[in-house]
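Report on the following structure.
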Amino acid sequence: MCGRFAITLPNDAMAQLFAAKPANDLPKVPDFNVCPTAAVHAVQAGEAGRQLVSMRWGFLPHWYASETAGPLLINARAETIAEKPAFKAACRSRRCLIPATGFYEWTKSESGARLPLYIHRSDGAPLAFAAVWQSWGSADPVKTCAIVTTAANEGLSGIHHRMPLILEPRDWGKWLGEEGHGAAALMQPGDEGILSWHRVDPAVNSNRAEGPELIEPFEDGDIPRGQLI
């Protein structure tokens, strides 16, 4: 699952990393608490090459009469994405990448406290989430997106049973449709060892929380149940 993440990479660095032309209306960075329905950075491919654009996080199928006409679709399960009416067309032809520095997941302590964890690449590199997108609305179309998730790998399974689909640079072109067919084979749990995590301040439980301290290690002696340390 992915319900909150952080992005600290400057816009020009993101554009350079993905070899993409940046749009003029990109979300502000850094953002240490990106929440559903917020504008996020997304990399999409086209005839003119890759573009770094802004999208609404929360996929809106074309039949939604309003943004609240149905469930908030922030994630799309890899196992069913090709069959679900909301996602099956986007899965074939509208795939994108969402850059992130790390994402948050929650677990519980033995006492039942809700404890946030910050999960990031072990090598310090940015993350690239696989995602799908959809233009919604006729008068002033809005690009909307959902992050693809898979079953958690062994390392993360003690924290949550799902994880975002994280793609390596060698697979970006395949996911974006630049290298023909075969994207379905990429929808597998991330390799073991690519991710590390640590406890962070419960302040991040609030959607309004912001600031670099949200991703800094936080220790209070209450170790999450099932955390692998």
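We use all heavy atoms of the structure for the numbers below, so side chains are in, but hydrogens, waters and symmetry mates are not.
You'll find the side chain of Pro71 stays beyond 4.5 Å of the side chain of Phe59, heavy atoms only. Residues Trp172 and Leu17 meet the side-chain proximity criterion, which asks for heavy atoms closer than 4.5 Å. With contacts defined as side-chain heavy-atom distances shorter than 4.5 Å, the pair Leu60/Val142 does not qualify. Considering only heavy atoms from C-beta on, Leu73 comes within 4.5 Å of Phe87 through its side chain. By the 4.5 Å heavy-atom criterion applied to side chains, Cys145 and Val40 are counted as neighbours.
The aromatic rings of Tyr118 and Tyr104 sit tilted relative to each other, their planes meeting at an angle between 30° and 60°.
Under a 4.0 Å N-O distance rule, the pair Glu179/Arg170 does not qualify as a salt bridge. Contact check on Arg121 versus Glu168 returns a salt bridge, with a Lys/Arg side-chain nitrogen under 4.0 Å from an Asp/Glu carboxylate oxygen.
Side-chain atoms of Thr101 come within 3.5 Å of backbone atoms of Thr8 as a donor-acceptor pair (strictly under, hydrogens ignored). In this structure, the side chain of Trp175 engages the main chain of Cys96 through a donor-acceptor pair within 3.5 Å. With Lys143 contributing its side chain and Gln134 its backbone, the two residues share no donor-acceptor pair below 3.5 Å. Checked by atom type and distance alone, the side chain of Asn153 pairs as donor or acceptor with a backbone atom of Gly190 at under 3.5 Å. Checked by atom type and distance alone, the side chain of Asn11 never pairs as donor or acceptor with a backbone atom of Leu52 at under 3.5 Å.
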Apply ring pair (Phe, Tyr, Trp, His ring centres under 6.0 Å) to Trp57 and Phe5, showing your working.
-> CA-CA 11 Å; Trp57 184 20; Phe5 66 90; 5.2 Å; yes
Could you check Arg208 against Asn33 for side-chain hydrogen bond (donor to acceptor under 3.5 Å, both in side chains), going step by step and ending with a plain yes or no?
-> CA-CA 8 Å; Arg208 294 187 295 272; Asn33 194 8; over 6 Å; no
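Within the model, atoms CD1 of Ile98 and NE2 of His41 stand 11.0 Å from one another, a figure rounded to the nearest 0.5 Å.
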